Amino acid sequence: MSTSTAPPPLDSVVPRPVRVLPAPGTFTLDRNTTVSGDTAAGEWLRRHVGAATGLPLAEAEHGDVRFRIAPEKIAVPEGYRIEITERGVRAEAHDESGAHYAAQTLRQLLGADAWRDSPVRRGPWPLPCGEIEDHPRFSWRGCHLDLARHFMPKREVLRFVELLAAHKLNVLHLHLTDDQGWRVEVPGLPRLTEIGAWRKGSQLGAGPHAGYVDRPHGGYYTESDLTEIVAHAAEHRITVVPEIDVPGHCQAAIASYPELGNDPRRKLEVWTGWGVSEHVLNAEESTVEFFRRVFDHVMSVFPSPVICVGGDEVPPHEWERDPRSVRRSEALGLSEPARLHGWFLRRIIDHLHTNGRRALSWDEALDSGERPPTGCIVASWRDEAAGLRAADAGYDTVMCPEQRVYLDHRQSDDPDEPVPVGFVRTLEDVYAYEPVPAESPSSVFQHVLGTQAQVWTEHLDSPSRVDYAAFPRLCAFAEVAWSRSAVRDFSRFRARLESEHLDRLTAFGVEFRPLEGPMPWQKRPGVPGDPR
């Protein structure tokens, strides 16, 4: 083992704290260091940092490292204050989340080796002296992870949770169903996973020259798996928001139960291509009841106050061609079959709200024919204007525009950029994103809950590819979600990445994209893209 090293500077933390005041000296963690406090953060620090440093970090009544919940001193929810002197560490927080973020900050300040699972060097472990005051800008600091297009083993989802928490993100939006796969085990509906969780192959790349991989792909999460993910996320102060997408993006469900579709005589397969399938749910009461049953199970597994119902990209062509759907729309008093989109969404949203949950829907819900109740949250993905329109109409909104925060989009114009799809969005582009334009009226500001990065996985077919697409751009996004634009500076952010934070990611085992471009083994030569 190597010996101790100098601590990182106090101002090396990502995302950038509100206030950093360095002071001379260090406090040293050693085998005699103890931890105390009335929060779960002390236990987290003992378990995670203790394991990485090899220090026992025993609990004591008056520890050298002390955590305290003190809302009378720390006014902002999720906020915290750390004072490090040569005698010890004092962390005060508004709530448990703030205390956990204080512990995450201390872990960063211990250096990259504190991000490992086991010790690789002997102590002592110095911390730089000074004060940090910190609190988030937004209450919703999210990341969306698509598990439907490419399944990720449970252990990788747990690891992703830890990476979000390390960057003080607090929402993990799991996209669990789509045309290409159904990932949730539902009691009494076995074909959803027996059939819907597996496809025969996968499209390779994008655009007119896309190829095909003739290899089955799939997987799903049991109730126990999902319960474990939720519990692990809760320990890291992250809310898991599950998504069951209706009434479009449902080909995997229809392949499992053909009676859900508009032509039950047609036997569909789980889709092997990317894009938007024209096969949508029918609008029969039995289909609505089927999905109420699905959402009942989802609510029993996920305690999140918010459940996503999807509602995006719903082509009306099947309804317009299907006599049964035309009659159904007329019987419901709708002006055209396309308005079955909003009718179906409203039935599911009302069911969630009746059961004490709050629905989240993609922004197409505003144009679906029957607007959702104002209690619904709108996720603005098509552009920023949709989110501003939703907020102006009184809907709480999460800003996640494709043009700015889709992390599956390519990171440069270089032909070596693997699977070049979407817009070019560099690290600097993501860092420059401003979720609420400065000229927005106050009525908009009060309805923007926050912002969310999107990780779609059509072209991310392994955890390594997810790492490459997400990091370090997700580090930049975390700072956008946490810090006000007035205190952000890209050159200083990049310097923090280069001097300290990329080493932390390396120690954690993240296969991120180097700042200068992909490593040879990260390239995907010959896989066609569809740049925009």
Side-chain angles (χ1 to χ4, degrees), residues 142-146 148-150 173 175 178-180 202-213 245 248-249 271-278 310-315 362-364 367 378-389 398-435 437 451-462 465-474 476-477 480 490 512-513 515-518 522-532:
C143 184
H144 163 284
L145 180 62
D146 172 16
R149 273 49 177 268
H150 279 102
H173 176 166
H175 188 76
D178 214 295
D179 298 309
Q180 298 86 2
S202 303
Q203 179 178 318
L204 179 63
H209 303 294
Y212 181 77
V213 177
D245 206 343
H249 286 292
W271 203 20
T272 61
W274 313 136
V276 181
S277 171
E278 69 170 6
D312 62 313
E313 297 179 322
V314 183
W362 302 109
D363 60 64
E364 284 97 327
D367 307 316
V378 174
S380 177
W381 78 271
R382 288 182 293 179
D383 55 33
E384 292 167 312
L388 298 176
R389 180 163 57 96
V398 175
M399 301 296 274
C400 48
E402 177 186 21
Q403 299 86 350
R404 306 303 300 271
V405 292
Y406 270 39
L407 301 186
D408 51 302
H409 285 202
R410 60 202 172 109
Q411 303 190 50
S412 77
D413 268 327
D414 194 300
D416 284 335
E417 200 66 50
V419 194
V421 296
F423 304 105
V424 171
R425 287 297 170 260
T426 65
L427 180 72
E428 186 171 7
D429 291 332
V430 173
Y431 192 84
Y433 176 54
E434 177 51 42
T451 183
Q452 179 171 288
Q454 310 286 104
V455 181
W456 298 99
T457 62
E458 289 95 333
H459 310 293
L460 309 178
D461 55 6
S462 70
R465 292 281 296 121
V466 170
D467 277 4
Y468 177 91
F471 293 97
R473 289 187 297 179
L474 194 59
F477 174 81
V480 168
F490 179 73
F512 58 86
R513 179 189 188 273
L515 298 181
E516 62 274 12
Q522 293 175 318
K523 300 173 184 179
R524 297 290 296 270
V527 179
D530 188 19
R532 294 162 64 184

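None of these values were measured; they are calculated from a predicted model.
Side chains of S202 and D461 form no contact here, defined as non-hydrogen atoms less than 4.5 Å apart. The side-chain heavy atoms of L427 and F490, taken from C-beta on, include a pair separated by under 4.5 Å. The shortest distance between side-chain heavy atoms of L204 and R524 falls below 4.5 Å. Between R532 and H409, the closest side-chain pair of non-hydrogen atoms falls below 4.5 Å. In this structure, L515 and P472 have side chains that are in contact, with non-hydrogen atoms separated by less than 4.5 Å. Residues T451 and Y433 meet the side-chain proximity criterion, which asks for heavy atoms closer than 4.5 Å. Two residues are said to be in side-chain contact when any heavy atoms from C-beta on lie closer than 4.5 Å; R404 and E384 meet this criterion.
Across every non-hydrogen atom of E417 and S412, the tightest pair is OE1-OG, 2.7 Å. Closest heavy-atom contact between D530 and A206: CB-CB, 3.8 Å. Of all the heavy atoms in A210 and P528, the pair that sits closest is CA-CG, 3.6 Å. Shortest non-hydrogen contact noted between A453 and L407 is CB-CD1, 4.0 Å. P437 and L388 get closest at one heavy-atom pair: CD-CD2, 4.1 Å. When every heavy atom of G205 is checked against every heavy atom of V527, the shortest pair comes out as CA-CG1, 3.7 Å.
Ring pair H459/W274 is perpendicular by interplanar angle, where above 60° counts as perpendicular and below 30° as parallel. The aromatic rings of W456 and Y406 sit tilted, their planes meeting at an angle between 30° and 60°.
Between the side chain of E458 and the backbone N or O of L460, no donor-acceptor pair lies under 3.5 Å. Checked by atom type and distance alone, the side chain of D363 never pairs as donor or acceptor with a backbone atom of V378 at under 3.5 Å. Checked by atom type and distance alone, the side chain of R425 never pairs as donor or acceptor with a backbone atom of R473 at under 3.5 Å. With Q180 contributing its side chain and G273 its backbone, the two residues share a donor-acceptor pair below 3.5 Å.
Under the side chain to side chain contact (heavy atoms under 4.5 Å, CB included) rule, V419 has a single partner from R465, K523, R410, which is R465. Exactly one of Q403, E402, E364 qualifies for a side chain to side chain contact (heavy atoms under 4.5 Å, CB included) with R382. That residue is E364.
For H249 and D178, the side-chain atoms include at least one donor-acceptor pair closer than 3.5 Å.
Salt-bridge annotation for R149 and D408: absent, with no side-chain N of the basic residue lying under 4.0 Å from a carboxylate O of the acidic one.
The CG atom of D146 sits 5.0 Å away from atom NE2 of H175, with the distance rounded to the nearest 0.5 Å. Separating the CG atom in D467 from the CZ atom in R513 is a distance of 14.5 Å, to the nearest 0.5 Å. Atom CG of L145 and atom OG1 of T457 lie 7.0 Å apart (nearest 0.5 Å). Of the inter-residue distances, the one linking Q452 atom CD with F477 atom CZ reads 7.0 Å to the nearest 0.5 angstrom. The structure places CH2 of W381 at 14.5 Å from CE of M399, a figure rounded to the nearest 0.5 Å.
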Please report the C-alpha distance between H173 and W362 in whole Å, then the side-chain angles of each, then the deciding distance to 0.1 Å, and finally whether the ring-ring contact (aromatic ring centres under 6.0 Å, His included) criterion is met.
CA-CA 12 Å; H173 176 166; W362 302 109; 5.5 Å; yes
Dump the intermediate steps for side chain to side chain contact (heavy atoms under 4.5 Å, CB included) on C143 and L474, then the final yes or no.
CA-CA 9 Å; C143 184; L474 194 59; 4.1 Å; yes
